[in-house]
Amino acid sequence: MSESNPIDADLQSGAAESRFLRSQLKSCSYNPLHREKRQIRILLLLPGEFKDPICCNLLIAHLDEKPYYKALSYVWGDPSKRLPIFVNGQEHHITINLYRALRRIRDHIDVRVLWVDALCINQNDIDERSHQVSLMKDIYSSTEEAILFIGDHKSDASDPTYTKSREDQEAENFDLKYWLYGTSFIRRLQSELSMLDEDIENIMEPKEVYDAFSLAHALAASALQSILKGEGLLRAFTNEAAKSLSKVLRLPWFTRIWTVQEAVLPEKSAIVCGSLKLQWVTMMEAARLTKFWNLQKFQYSSDQKEALEELETKVLPLRNEHEAFQDSYGPEHYRLLQRYQHREATDPRDKVFGLLAMTYGLTVGQLIEPDYTKDFCSIYTKLCRRIIESSGSLESLAQRYVHDRKDLPSWVTDWSYTPDAFSTRLGEWNYSSYLWNKASDSTKAEIHPSSSEILSLSGFTVDEISAIGLEIRNSMDPGAADWKNKWEDIIDYPKNINNPYVSGGTVKDAYHRTLTKSRACIVEPETGAFIAFMASTSDVPQSSTLESEKKSNHDYLLELDIQGQRLFTTRKGYFGIGSSKTQVGDLACVLLGGNVPFILRPVDQPNCQLKYDSLICSFVGQAYVHGIMHGEAIRGRTDKTIFSLH
């Protein structure tokens, strides 16, 4: 921050008074915070008209004394585009998105008491940033109300936030603000405010926001009553309103990692877009009722379907997370990382730190301490190890996508990778399969001492992979059936269709079970409830209670789940499916603490110094191997091996 405000060179009269008033605002902007006393800063947003310069003061407060404030949630936006405000009488520059939020929130009479991360945390002090992130759970759960500023809308003469033209504004050269802040500053501010007119990519029309919020309110307040009375679709559920709601839910706020905890932790929140406000509980209730709408036989338009889908995918998970947190239960950190991996972060470390406040079971410090002095690779590595050590489970190794980075151990999840939202839902489905299997027969992981980059685990080699199929492609792609033809050539199908399989049953049964990974049901991600039905293949029993479209949806998910993977056989005759990176010579192994088998690749590491004999491997990925998914391959065995993963 600069030492002082610009001095008004044009208005010599009143200069002394101006300096005096500014001096009354000044104080040390970033006095150090006392960590042991759990101190935070509170922002006093001073009153002003819409286009007045933004002025605020910072005060230090003790979090344990439960100070009053409203926490602001917003998207930082482009850090290179900034506008000036006054903080404790000193000029300070903030991003355009924060500038929009503050001038929308600011009252023209009363002081607003806020907590705003970009201003209340000294962003240039790495130690302070790390410490304040560790307090996020208490900061957001203790707020009087969270203001979820999802974006802005344009202003017009009929809108309460209508702003005057530059010509009208410049006609007020002798207004108090010119005298107080200086003509040069005001003119420079007006010039820089032109960035607001240029940065309109995610700026809504006022009517769009009004229609979207009105529809959300109608869906929350009247949907269930309308359905139960058989009244059909709500009148408010027009195509135009549906488009507006979808547009609102596609704003960047719904894609960022930090906004997850900011929507989940506060007991009370309001969603704000421009000058319009809707209680967050209303939007969450509208999302909760989407499942009732989806059960109805209405002829939805494509716009209406998209609006319901956006509510279901963007808001419903947050609603369920919020309910779980308020009731003091919820998922462990790894599940949160997996569930929200599609959310974006500018800093890859924030993909981990941004969810720590929601962790159930372990405190932040017990799992991993936020530390911005560490690079993201060391943070990811430490976190994955701590998850395994604390849980005794290898769940974190059962990842759908395995990276090939050189700067990250092969067994560590690359949380910086951002899949699309649907792939994340497939990951949820994939996780359900992990839960149902018990390849290591309910054992706990055995971890052996090693350097931080090496994970040494006890387990058993099951068999060596002897043949691999082609990578499974989308059924709509040209040549999509090639993988199936290649696989059937490898197993000599259908000639051997009725031959016995190595672990029992027939080759035909093993073939179908491997393709579907023996799934007996899918998990509904938004409720965690199980919907039981058998895979719809010719030789597998089907549930007669399911509607054809649900079976079709199941088939679709099954197809998507195996895309990008590869079928394989082992020397003993096992069928399996796993990572597309699988090669002949890789080992199918069962590691203690793992519910599924894993594919490991022996490698030469002459510089690896360990105090025990082990097989040094790189991690290829999880797998389904038919016939060993429930402990069959390890019962009664004593030939344990230590596998050292790099």
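Applying the salt bridge (Lys or Arg N to Asp or Glu O under 4.0 Å) definition to pairs two or more places apart or across chains, those involving residues 108-118 are D107-R112. Sorted by first and then second residue, the salt bridge (Lys or Arg N to Asp or Glu O under 4.0 Å) pairs involving residues 258-272 (not counting sequence neighbours) form an empty list.
Remark: S141 engages no residue in a side chain to side chain donor-acceptor pair (under 3.5 Å) (not counting sequence neighbours).
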Please test T143 against W115 for side-chain contact (heavy atoms from CB on, under 4.5 Å), starting from the C-alpha separation and ending with a verdict. CA-CA 9 Å; T143 184; W115 186 87; over 6 Å; no
Verdict with supporting geometry, S244 and F213, side-chain contact (heavy atoms from CB on, under 4.5 Å): CA-CA 9 Å; S244 296; F213 284 6; over 6 Å; no
Working note: R250 + E306, criterion salt bridge (charged side-chain N to carboxylate O under 4.0 Å, His left out); need CA distance, chi angles, decisive distance, verdict. CA-CA 11 Å; R250 289 171 186 151; E306 286 181 10; 3.2 Å; yes
Dump the intermediate steps for side-chain contact (heavy atoms from CB on, under 4.5 Å) on F353 and D347, then the final yes or no. CA-CA 10 Å; F353 296 159; D347 187 332; over 6 Å; no
Can you check ring-ring contact (aromatic ring centres under 6.0 Å, His included) on W258 and Y140, steps first, answer last? CA-CA 12 Å; W258 280 109; Y140 275 95; 8.8 Å; no
Go through the steps for I139 and L63 under the test side-chain contact (heavy atoms from CB on, under 4.5 Å), then give the verdict. CA-CA 7 Å; I139 290 173; L63 194 53; 4.1 Å; yes
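Below 30°, between 30° and 60°, or above 60°: for Y300 and F237 the angle between ring planes is between 30° and 60°, a tilted geometry. Taking the six-membered ring where tryptophan is involved, the planes of Y380 and F376 are perpendicular, since the angle between them exceeds 60° and thus also 30°.
Here the closest heavy-atom approach between residue I42 and residue Y68 is recorded as CG2-O, 4.5 Å.
Note that CZ of F50 and CZ of R103 are 3.5 Å apart. Values are rounded to the nearest 0.5 Å.
Counting heavy atoms of neighbouring residues, nucleotides and ligands inside a 6.0 Å radius, atom CD of Q123 exceeds 12 of them. Within a 6.0 Å sphere centred on NE2 of H403, heavy atoms belonging to other residues, nucleotides or ligands number more than 12.
Counting heavy atoms from C-beta on, the side chains of E208 and V248 never come closer than 4.5 Å. The shortest side-chain heavy-atom distance between F149 and T259 does not fall under the 4.5 Å cut-off.
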